[in-house]
Amino acid sequence: MQVLRNARVATMDGHAAGVPLVEGASIALDGDRIAWVGPTADLPAAFEKAAVRDLEGRLVTPGLIDCHTHIVYGGDRAREFEMRLEGASYEEIARAGGGILSSVRHTRGASEDELLAQALPRVDALLREGVTTLEIKSGYGLDVDSELKMLRVARRIGESRQVRVVTTWLAAHALPPEFRTDRAGYIERVVLAGMDRGHAEGLIDAVDGFCEGIAFSVDEMARVFDRAKALGLPVKLHAEQLSDLHGAAMAAEHGARSADHLEYLGPDGVAAMAKNGTVAVLLPGAFYTLRETKLPPVQALRDAGVPIALATDSNPGTSPLTSLLLTMNMGATLFRLTPAECLRGVTRHAARALGLSDRGVIEPGARADLAIWDVQHPAELSYRIGFNPLHARIFGGQYA
Ligand SMILES: [Zn+2]
């Protein structure tokens with residue numbers, strides 16, 4: 001039992017528009033759970049003998065949650081980035097072996113140990129900013145063994161670091177060259193067969209897909225979701241990033257936890273998401289990198305009461321981003337989210353996007369995953385650019 005005293009606590013509970021703040025607060029931790037939170041004057045006598053730590057007036061938020069990443073992959077795409085800035089066309093980059101297939105080649109060619117060693121520095125960058133829960137997708141293997149290898153690496157990240165890792169099966173990310181003329185074969189023999197195997201091995205927490213003209217159709221994804229449902233796995237979807245295929249509506253009707261990207265989301269998608277409780281995960285890092293100009297329909301999502309989350313989309317091609325604080329700043333500056341929405345987007349709503357009801361808020365019974373900040377006001381977390389005010393991170397009740 002321990003008590004964190006003299007804190008300003010952003011509990012993130014309730015439905016207030018701003019950030020719910022408790023001044024002069026204490027938080028009592030019992031093992032890996034929060035036992036009590038409130039004004040120190042009201043601290044129950046039961047906690048009076050607990051070890052006390054004085055937080056000297058610092059802000060405490062729930063540990064941050066990055067609910068959409070592709071942080072495990074082989075190689076990088078810096079040369080491709082350079083070629084593009086030197087004027088190379090998409091075709092020239094593809095001919096030089098660039099694009100997503102370059103990440104696939106390097107991911108297939110790397111051992112589990114190599115993938116882990118490459119991913120950990122990126123993961124550590126997130127943890128240094130207070131992240132305590134991290135979603136990691138497969139999707140650069142595109143064959144059963146390589147996709148499962150990625151998820152094993154994701155699990156090992158959760159064992160190597162003080163962070164909860166949630167894994168996602170994303171074999172329906174791109175069509176590999178060997179299946180270029182056999183889409184149905186890829187879905188059957190890799191996406192579905194691999195899902196069965198990964199599920200049997202306990203490697204899959206959720207199922208995702210890239211629904212887009214350059215990737216998989218709504219019908220193809222519906223087929224993948226039907227199998228996920230048969231296995232009892234929750235689903236989510238990369239939808240409406242480059243065009244409006246109405247994928248978000250299909251996903252919502254399948255009970256998806258989230259639909260992600262959503263720049264081209266239309267009113268039908270917003271309505272379906274609101275009706276089914278699907279979280280909108282916005283990914284400003286990809287919007288920024290692609291120099292997209294079409295904004296996601298933030299006001300329509302707000303008006304419909306769709307919860308909005310923010311994530312890094314950390315990936316080698318369209319969002320080589322490993323800062324959730326910068327993501328919050330981008331959410332505010334590029335998408336006009338309020339600082340309170342940005343903070344809710346990386347705590348409470350991000351937890352909901354992952355189906356985790358025991359975190360993202362500071363309340364009795366929730367996991368004792370906390371971030372302690374050297375700031376006065378929660379808005380500072382999304383206001384600054386390239387500044388990390390994290391004082392300490394608590395994971396499962398322990399300073400980590
Ligand atoms: Zn993504």
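Side-chain atoms are counted along with the backbone in the values below, which use heavy atoms only and exclude waters and symmetry mates. Ligands are counted one by one from 1 in listed order, and the atoms in each one are counted from 1 as well. Everything numeric here is computed off the predicted structure, so don't read it as measured data.
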Inset, instruction - Output the atom name for the N/O/S atom of Asp313 with the smallest distance to the Zn ion (ligand 1). - result: OD1
Inset, instruction - State which residue, out of His246, Glu292, Glu212, fulfils the side chain to side chain donor-acceptor pair (under 3.5 Å) condition with Tyr264. - result: Glu292
Inset, instruction - Could you tell me how the ring of His238 sits relative to the ring of His261: parallel (under 30°), tilted (30 to 60°) or perpendicular (over 60°)? - result: tilted
Legend entry - Within 45° cone and under 6.0 Å: Arg180 NZ/CZ vs Tyr186 ring: no
Inset, instruction - State, to the nearest 10 degrees, the angle whose vertex is the Zn ion (ligand 1) and whose arms point to NE2 of His70 and NE2 of His68. - result: 100°
Inset, instruction - Using 2.8 Å as a strict upper limit, say whether an N, O or S atom of His261 approaches the Zn ion (ligand 1) that closely. - result: no
Inset, instruction - Compute both the distance and the angle, then confirm whether Arg223 meets the cation-pi test with Phe216: under 6.0 Å from the six-membered ring centre, within 45 degrees of the axis. - result: no
